[in-house]
Amino acid sequence: MRKLLMLLSIAASVGATPANNSAIIGLWSAKMEGLTYVRMTIEEQDGKLTGAALFYMIRRDPGVAPTASPGWPTPMISPSFDGKTLTFKISHKHAHPPRTLNDPPVSFQLELTGPDKGMCYGPESAAMEIVREMQ
């Protein structure tokens with residue numbers, strides 16, 4: 001009987017439900033100088049996280065207000081959420097072509113700091129506040 005209980009306990013832990021991804025699912029955006037800098041869509045399909053990021057180029061021309069123009073939407077590579085931090089990679093090939101065409105993917109983190117709020121960390125910029133606009 002004791003062995004049966006132990007086997008059932010092990011089986012239950014192996015079949016445990018994955019982390020709840022609802023805190024990270026949705027449309028997230030960050031701004032720089034009041035302009036959209038990045039928008040990320042994070043979804044769950046068949047229990048797996050998927051998503052894409054769209055980075056904007058902030059242009060600062062002399063004598064004119066800064067503007068933002070979207071780049072290429074890029075799928076997230078291997079998104080993973082531990083209940084507090086989303087980690088993922090993004091292809092860097094469209095970042096600054098042609099010199100980045102053969103660059104490896106770059107790593108990012110989105111760390112939740114509260115409901116619908118977080119900090120996004122990437123390799124090329126300082127930490128940036130990001131907010132969830134829609135779930």
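Only a predicted model underlies this, so the values are computations on that prediction, with no experimental measurement involved.
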Once you measure the plane-to-plane angle for Phe108 and Phe55, does it fall in the parallel (<30°), tilted (30-60°) or perpendicular (>60°) bin? tilted

Is it true that a side-chain atom of Lys84 and a backbone atom of Leu112 form a donor plus acceptor pair closer than 3.5 Å? yes

So, for Phe81 and Leu49, which heavy atoms are closest and what is the spacing to 0.1 Å? CB-CD1, 3.6 Å

Give the minimum heavy-atom separation between Ile90 and Ala53, together with the two atoms involved. CD1-CB, 3.8 Å

Do Met76 and Met40 come within less than 4.5 Å of each other through their side chains, counting heavy atoms only? yes

Quick check: do Gln109 and Leu86 have side-chain heavy atoms less than 4.5 Å from each other? no

I want to check something: taking the side chain as every heavy atom from C-beta on, are Glu33 and Arg60 in contact at a cut-off of under 4.5 Å? yes

Taking side chain as C-beta onward, heavy atoms only, is Tyr56 less than 4.5 Å from Met32? no

Keeping the roles fixed (side chain from Ser80, backbone from Ser78), state whether a donor-acceptor pair exists under 3.5 Å. no

Could you check whether any side-chain heavy atom of Ile77 comes within less than 4.5 Å of a side-chain heavy atom of Phe88, counting everything from C-beta outward? no

If you take all heavy atoms of Met119 and Glu129, which pair is closest and at what distance? SD-CA, 3.7 Å

Would you name the heavy atoms of Ser107 and Pro123 that are closest together and state the gap between them? O-CD, 3.3 Å

Under the 3.5 angstrom rule, does the side chain of Arg132 hit a backbone N or O of Ile25 as a donor-acceptor pair? yes

Closest non-hydrogen atoms of Ile58 and Tyr37, given as atom of the first, atom of the second and distance, are CG1-CD1, 4.0 Å

Going by heavy atoms in the side chains, are Cys120 and Val38 under 4.5 Å from each other? no

Between Asp82 (side chain only) and Thr85 (backbone N and O only), is there a donor and an acceptor less than 3.5 Å apart? yes

